[in-house]
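All figures in this text were calculated on a predicted structure; none of them were measured in a lab.
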Amino acid sequence: EIFDLKEDTPIANTTLDLFGRSKIVDAIVKTINIKSKTDHSCFVIGIYAKWGEGKTSVLNLIEEKLLSQQDNIVISKFNPWFFKDQESLLFDFFNSIDGGNISEVFSNNLRKYGPIVSMGISGVINMFAPGAGSIFNKSVTKFIDKIPEIKISPIERKRELSRNIVDSKKHLVILIDDVDRLDKEETHALFKLIKQTADFDNTIFIVAMDKDVVARSVCSKFENGDIASGYNFIEKIVQMQLYLPKIHQERMKEFLNSKFDNLYSLLILNSDFFDEKEFMQAKEDISKYISPLISTAREVFQYINILSYTLPMIHDEVNISDLCLLEALKIIHPQGYNVIRNSKHIVLKKFSFIYTFERSVDPEKTKAIVKKEKDDFLNLFLSECSEENTYYLDLLIKQLLNYFFDDSLIYNSELEKRLCSEIYYDKYFIWGVPDGIMSEKEVIKLKDQIKDQDYFVLKEIFQSQIAKYDND
């Protein structure tokens, strides 16, 4: 049975704030409140964080707080990732603004301004008369004279919109998310919109993004083409830059443990064969080896969702701690997971007869060869991981493959169903029991069957089992 998967959904109210985001939300809302007491020019706030670190949740909490305290602030939300091209992006940006809550005259002027700056004059003409946008010179002038909506220049129309907002005594707050998911042309178009096209008075933009991703995206638009040009571009537009603080490690550990406890409770209810001691050890190992490597709630949800698949299927066939450590690598270090998956011949070599024989013949030579193999394997496993994660990944791999790294541990791996076992290794990667191998449930059942049986019954039982599993 596969349990319900957890959704990585941004929170929408402060009661769900487990990571202390309310403080930064309060600071941003305080800034908005101060700005909204007087008329002001357009102001841009940037909220910076990596994917999965809570930018959307912070935007939601800002919206919640603003809606609860002031009626002179009009909020609009815009997600540019929904739109397929620049024209759609610009057009729908203006459609997303709730002009009616500012004033009727603002709303009317916005409806005239949006199409002109989105599609250009020829595009607007084609809306009224398809094909007419290709007319030139005097013909275009005559056509414009007949359409009052496009007779006023875009610059003058923008000034009107600013006057409309100021006259309404309202302040417009525009929340923009997922900027870091746009391509470089769309990103540049969006910032041009913020800086030049929609920079109305009494307007505050709050833009959530991964600053590094956006800087790399837009830097190619400039002569130098380096990332510093991208940062400079952003900083010329954003007046107040806020980096979301990292979630405290203890809070993240508590969050991960709570989600694992929920999964553990479901397994107790839905499993016939359950080893509580193994699960307690797994929880301890997750806290020690996995928690320091997880930095976002998104990674926690991804990890628990993987375990929600694998644990119900094979928790009784493998060592639960090893499975939990191995599955975590899919999220935090997928290259390392692939190294283990593709290195069975190395991981299990010390258990082979040839290895044991060579060690007895020339122990010093064998020791040097084995040390080099271990070092090469460890270097390959740790390649491509960040410097800050190297220490914890080194601890993790030496716990997960302790029989491989520690020569004093040889004979217990199969009793403990460890990954470093010829019998159990494949089970970790096929999520089941290989053909020709008895499952753990069948082993337990067989032990119960042979208790207090006479010779003839035992012979019949074992002949039946040999026939079932003998592939030759």
Q.
If you apply the rule side-chain hydrogen bond (donor to acceptor under 3.5 Å, both in side chains), what do you find for Glu160 with Asn164, and how did you get there?
A. CA-CA 6 Å; Glu160 276 191 31; Asn164 296 155; 5.6 Å; no
Q.
Pair Asp322, Lys417 - check salt bridge (charged side-chain N to carboxylate O under 4.0 Å, His left out), show working.
A. CA-CA 9 Å; Asp322 279 7; Lys417 302 183 287 187; over 6 Å; no
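- Residues satisfying the side-chain hydrogen bond (donor to acceptor under 3.5 Å, both in side chains) criterion with Lys211, sequence neighbours excluded, are Glu235, Gln241, Tyr243.
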Q: Give the C-alpha distance, both sets of side-chain angles, the deciding distance and a yes or no for side-chain contact (heavy atoms from CB on, under 4.5 Å) between Arg418 and Asn402.
A: CA-CA 10 Å; Arg418 300 296 302 273; Asn402 62 345; 3.2 Å; yes
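- A centroid separation of less than 6.0 Å is found between the aromatic rings of Phe381 and His333.
- Ring-centre distance between Phe205 and Phe43: not below the 6.0 Å cut-off.
- Within 6.0 Å of OH in Tyr231 there are more than 12 heavy atoms belonging to other residues, nucleotides or ligands.
- By the neighbour-count criterion of 12 heavy atoms within 6.0 Å, atom NZ of Lys170 is densely surrounded, having more than that number from other residues, nucleotides or ligands.
- Annotation: side chain of Phe255 is in contact with side chain of Phe301 (closest heavy-atom distance under 4.5 Å).
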**Q.** Full working for side-chain contact (heavy atoms from CB on, under 4.5 Å) between Ile340 and Ile397
**A.** CA-CA 9 Å; Ile340 297 172; Ile397 190 65; 3.5 Å; yes
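- Ring geometry for Phe429 versus Tyr425: interplanar angle of 30 to 60°, hence tilted.
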Q.
Run Asp201 and Ser41 through side-chain hydrogen bond (donor to acceptor under 3.5 Å, both in side chains) and show every step you take.
A. CA-CA 4 Å; Asp201 290 344; Ser41 58; 5.7 Å; no
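- For Lys192, the NZ atom sits in a loose shell: 12 or fewer heavy atoms of surrounding residues, nucleotides or ligands are nearer than 6.0 Å.
- In this pair, His188 and Phe233 present their aromatic rings parallel. The plane angle is below 30°, not in the 30 to 60° band.
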(Q) Run Phe200 and Arg159 through side-chain contact (heavy atoms from CB on, under 4.5 Å) and show every step you take. (A) CA-CA 8 Å; Phe200 310 125; Arg159 290 196 189 106; over 6 Å; no
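- Taking the ring centre of Phe260 as origin, the terminal cationic atom of Lys283 falls outside the region bounded by 6.0 Å and 45° from the ring axis.
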Q.
Is there a side-chain contact (heavy atoms from CB on, under 4.5 Å) between Phe279 and Leu267? Walk through the geometry before answering.
A. CA-CA 10 Å; Phe279 267 90; Leu267 279 167; 3.2 Å; yes
Q: In sequence, state the C-alpha distance, the side-chain angles, and the governing distance for Asn379 and Asp376, and then conclude on side-chain hydrogen bond (donor to acceptor under 3.5 Å, both in side chains).
A: CA-CA 5 Å; Asn379 290 335; Asp376 289 346; 4.7 Å; no
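- The two atoms that bring Gly46 and Val238 nearest to each other are N-CG1, 3.3 Å, heavy atoms only.
- Of all heavy-atom pairs spanning Val214 and Ile234, the tightest one is CG1-CD1, 3.7 Å.
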